[in-house]
Asks: 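Please see the structure below; I have some questions.
The structure displayed is predicted, hence computed values, not measured ones. Protein chains get the first letters and strands the later ones, always in sequence-line order, with residue 1 at the start of each.
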Protein chains: 2
Amino acid sequence: MSLRYALLALLTAEPLTGYDAVKRFGGSVGYVWHAPDSQIYPELRRMEGEGLIEGEQVRWGPNSTKTRYSITGDGVRALREWLATPISYGPLRDVSRMRAAYFEWADPESARENLRRHIDYYTEQVGRWKDMREAILSAAHPSIAARMEKYPAEDHERIVAYKAFAYEGLIARGEAEIEWGRKGLNLIDKLEGPSEAAGESER
Amino acid sequence: MSLRYALLALLTAEPLTGYDAVKRFGGSVGYVWHAPDSQIYPELRRMEGEGLIEGEQVRWGPNSTKTRYSITGDGVRALREWLATPISYGPLRDVSRMRAAYFEWADPESARENLRRHIDYYTEQVGRWKDMREAILSAAHPSIAARMEKYPAEDHERIVAYKAFAYEGLIARGEAEIEWGRKGLNLIDKLEGPSEAAGESER
DNA sequence: AGGAACTATCTATCGACATAGATAGTTCGT
DNA sequence: ACGAACTATCTATGTCGATAGATAGTTCCT
């Protein structure tokens, strides 16, 4: 159900075709909510059916058209309502933690490998999230730029600050994950003896 | 697919009936991996079919039986293999962050309410996780006690330490979430002016 | 003119999970 | 002896999302 609201939120910046939306979900919004095109196109059609968005046919080349969707008043209302409705924190499903809990069944080297990948993954993500945060703060991001144009200057601070704040949450979480991974590596060294690969090279 | 391995991991402690497993998923393991009984029973049957576990009929009352499952050698091997296989970090889907990113569309009071609930939820969870961590460290937890009995003393430290470590990850994450929520409340105060409810009471 | 890369959209299948039951035997207190 | 609460298991339906395509027009380079 959240896909719908992600789309509405996206469309508050500017009208988009399905394809544009798909691309946004590959970057920016995609860092916070992922969806494949096979979900996006049908959802847009459904939303149009319910009057949350409006599609208009736009010429595309000499023999073709594309559909550009804009958010409607009902759409904005739906988004607002959703934001005012408490979310239910669904049950947890945390593979990394589950695996770590049973590391006594792994050989130490794969346990280490698990954590190294954990650290690498989050290191990479944190990098991306930090870049995104910068892009937002400097209004370099196209979606932010569109918002700056569409909405009055007194809203700009809010628009930017909330998005930066969201990314800060991701970054903080990512950093906690990295920290946890490091602690895990130390724990394995303590319990199973230091890695054989240790001291081999220092990169 | 992880449900299967959660079940295998559970069964390394002691043989269980489906119902026992369901209860475990309501507590301990359930904090790390949730599953409803409608998933558990069929999965156990499938796993038996594949030889990862073995079911035996146990008398239950005068006119009935229940099935108690034990892990097989193949089951242990499957668990080990899984632990040695890198997990794919699936795409992100983070409702809290997504909502926060568009708080300019919420009225300040619902934005605050969002964050207060976030803080409350994680405060509660952190409490639970800390309790679980304690129960594990003191071997008060039944599943841990069973493990202590089944495996030699030299493994006990490992068994306990990895489980505590897993919970520490959850706790750290939870605390980061609480911290993030607090920062968000401050941010809203800064951007929208302090809450009307502020100063009303200090609990 | 041809082909590669991109834009635009749609469909089909499958597994995981949520939700909501139904059924039946058992234990235990009053 | 009865009912409530618990144990044990099973089924059915629906949504979400992953995966893997298929199709077709467009732009742009060579």
Side-chain angles (χ1 to χ4, degrees), chain A residues 1-7 10 15-27 29-30 32-50 53 55-69 82 87-95 98 142, chain B residues 1-7 10 15-27 29-30 32-50 53 55-69 82 87-95 98 142:
Chain A
M1 257 301 86
S2 301
L3 170 57
R4 160 164 306 199
Y5 300 100
L7 286 166
L10 255 186
L16 297 171
T17 66
Y19 188 76
D20 291 334
V22 169
K23 277 189 299 182
R24 295 283 196 285
F25 273 83
V29 213
V32 150
W33 198 266
H34 170 269
D37 65 329
S38 58
Q39 251 191 297
I40 293 170
Y41 285 108
E43 183 64 24
L44 286 169
R45 268 177 280 149
R46 243 172 286 136
M47 289 162 74
E48 181 172 24
E50 295 174 37
I53 59 178
E56 52 165 337
Q57 291 314 112
V58 176
R59 279 241 72 76
W60 174 51
N63 301 309
S64 197
T65 61
K66 54 185 176 176
T67 312
R68 166 167 307 153
Y69 293 100
W82 180 68
I87 37 172
S88 61
Y89 287 81
L92 208 49
R93 231 167 243 118
D94 186 331
V95 195
M98 195 188 117
Chain B
M1 256 298 87
S2 301
L3 170 58
R4 156 161 310 198
Y5 300 101
L7 286 166
L10 254 187
L16 298 170
T17 65
Y19 188 74
D20 292 333
V22 169
K23 275 189 301 180
R24 295 282 196 287
F25 273 85
V29 214
V32 150
W33 198 266
H34 170 268
D37 66 327
S38 60
Q39 248 191 299
I40 292 170
Y41 285 108
E43 183 65 24
L44 285 170
R45 270 177 278 147
R46 243 173 284 138
M47 287 162 75
E48 183 173 22
E50 296 175 37
I53 60 178
E56 53 166 337
Q57 290 315 111
V58 176
R59 280 242 69 76
W60 174 52
N63 300 309
S64 198
T65 61
K66 55 185 175 177
T67 310
R68 167 169 306 152
Y69 294 100
W82 180 68
I87 36 173
S88 60
Y89 288 82
L92 207 49
R93 229 169 245 115
D94 187 332
V95 195
M98 196 188 116

Asks: When all nucleic acid strands are considered with a 4.0 Å heavy-atom cut-off, which category describes A:Thr67: base, sugar-phosphate, or nothing?
Replies: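 Sugar-phosphate contact only - A:Thr67 comes under 4.0 Å of backbone atoms but never of a base.
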
Asks: More 5' along DNA chain D: A:Ser38 or A:Ser64, using each one's nearest nucleotide?
Replies: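 Mapping each residue to its closest nucleotide by heavy atoms, the 5'-most match is A:Ser38.
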
Asks: How many whole angstroms separate atom CD of B:Gln39 from atom C1' of C:dA20?
Replies: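 Taking CD of B:Gln39 and C1' of C:dA20, I get 15 Å after rounding.
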
Asks: Within this structure, what is the CE-to-P distance between B:Met1 and C:dC14, rounded to whole angstrom?
Replies: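 Spelled out: CE on B:Met1 to P on C:dC14 is 16 Å.
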
Asks: Under the 3.5 angstrom rule, does the side chain of B:Arg93 hit a backbone N or O of A:His34 as a donor-acceptor pair?
Replies: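 Such a contact is found between B:Arg93 side chain and A:His34 backbone.
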
Asks: Measure the distance from CZ on A:Arg59 to P on D:dG25 and round it to the nearest whole Å.
Replies: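 Rounded to whole Å, this separation is 13 Å.
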
Asks: Working to the nearest 0.5 angstrom, can you tell me the gap between A:Asp20 CG and A:Thr17 OG1?
Replies: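 One gets 3.0 Å once the value is rounded to the nearest 0.5 Å.
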
Asks: What contact category does A:Thr17 fall into here, base, sugar-phosphate, or nothing, at under 4.0 angstrom with non-hydrogen atoms?
Replies: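 The residue A:Thr17 makes sugar-phosphate contact but no base contact.
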
Asks: The test is salt bridge (charged side-chain N to carboxylate O under 4.0 Å, His left out); show your working for B:Arg45 and B:Glu48 and say whether it passes.
Replies: CA-CA 5 Å; B:Arg45 270 177 278 147; B:Glu48 183 173 22; over 6 Å; no

Asks: Using whole Å, what does the distance between atom P of nucleotide D:dA18 and atom CD of A:Glu43 come to?
Replies: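 The answer, rounded to whole Å, is 14 Å.
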
Asks: Can you tell which of D:dC16, C:dA8, C:dT11 lies closest to the side chain of A:Pro42?
Replies: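 Closest nucleotide to the A:Pro42 side chain: C:dT11.
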
Asks: Respond yes when some side-chain nitrogen or oxygen of A:Arg45 is under 4.0 Å from OP1 or OP2 of C:dT11, and no when none is.
Replies: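 Checking A:Arg45 against C:dT11: at least one side-chain N or O falls below 4.0 Å of OP1 or OP2.
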
Asks: Once you round it to whole Å, what is the distance between P of D:dA18 and OH of B:Tyr89?
Replies: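 So the OH-P distance, B:Tyr89 to D:dA18, works out to 18 Å.
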
Asks: If you check the A:Trp33 side chain, which of D:dG17, D:dT11, D:dT9 turns out closest?
Replies: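 Per side-chain heavy atoms of A:Trp33, the pick is D:dG17.
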
Asks: Any side-chain N or O of B:Tyr19 less than 4.0 Å from the OP1 or OP2 oxygen of D:dT9?
Replies: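 So the side chain of B:Tyr19 is outside the cut-off, no N or O lying under 4.0 Å from OP1 or OP2 of D:dT9.
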
Asks: Could you give me the CA-CA distance, side-chain angles and deciding distance for B:Tyr89 and A:Val95, then say whether side-chain contact (heavy atoms from CB on, under 4.5 Å) is met?
Replies: CA-CA 9 Å; B:Tyr89 288 82; A:Val95 195; over 6 Å; no

Asks: Expressed in angstrom and rounded to an integer, what is the separation of B:Arg4 atom CZ from C:dC17 atom C1'?
Replies: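 Going from CZ in B:Arg4 over to C1' in C:dC17 covers 16 Å.
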
Asks: Nearest to the side chain of A:Pro36, which nucleotide is it out of D:dT26, D:dA18, C:dG25?
Replies: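 That would be D:dA18.
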
Asks: Remember a base hit wins even if backbone is also touched, and classify A:Arg68 as base, sugar-phosphate or nothing at under 4.0 Å, heavy atoms.
Replies: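 Contact class for A:Arg68: none.
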
Asks: Ignoring the backbone of B:Tyr41, work out which of C:dA16, D:dA18, D:dT9 is nearest its side chain.
Replies: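 Of the candidates, D:dT9 comes closest.
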
Asks: How many angstroms lie between atom CG of A:Leu16 and atom NZ of A:Lys23, to the nearest 0.5 angstrom?
Replies: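 The NZ atom of A:Lys23 is 9.5 Å from CG of A:Leu16, to the nearest 0.5 Å.
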
Asks: Could you state the atom-to-atom distance from CD of A:Glu48 to P of C:dC10 in whole Å?
Replies: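 Atom-to-atom, A:Glu48 to C:dC10, this comes out as 10 Å.
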
Asks: With a 4.0 Å limit, can you tell me whether A:Arg93 has a side-chain N or O closer than that to the phosphate oxygens OP1/OP2 of C:dA18?
Replies: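 Checking C:dA18 against A:Arg93, a side-chain N or O does come within under 4.0 Å of OP1 or OP2.
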
Asks: In terms of the nearest nucleotide of DNA chain D, which residue is placed more toward the 5' end: A:Pro62 or A:Ala35?
Replies: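 Taking each residue's closest nucleotide, the earlier one in sequence belongs to A:Ala35.
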
Asks: To the nearest angstrom, how far is B:Lys66 atom NZ from C:dA24 atom C1'?
Replies: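 In whole Å, C:dA24 C1' and B:Lys66 NZ are 15 Å from each other.
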
Asks: Have B:Gln57 and B:Thr67 got a donor and an acceptor in their side chains that come within less than 3.5 Å?
Replies: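 Result is yes, a qualifying pair exists.
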
Asks: The side chain of B:Asp37 is closest to which nucleotide in this list: D:dG25, D:dC10, C:dT9?
Replies: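 The answer is D:dC10.
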
Asks: Return the nearest nucleotide to the side chain of B:Trp60; candidates are C:dG25, D:dG25, D:dA20.
Replies: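 Looking only at heavy atoms from C-beta outward on B:Trp60, the closest nucleotide is C:dG25.
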
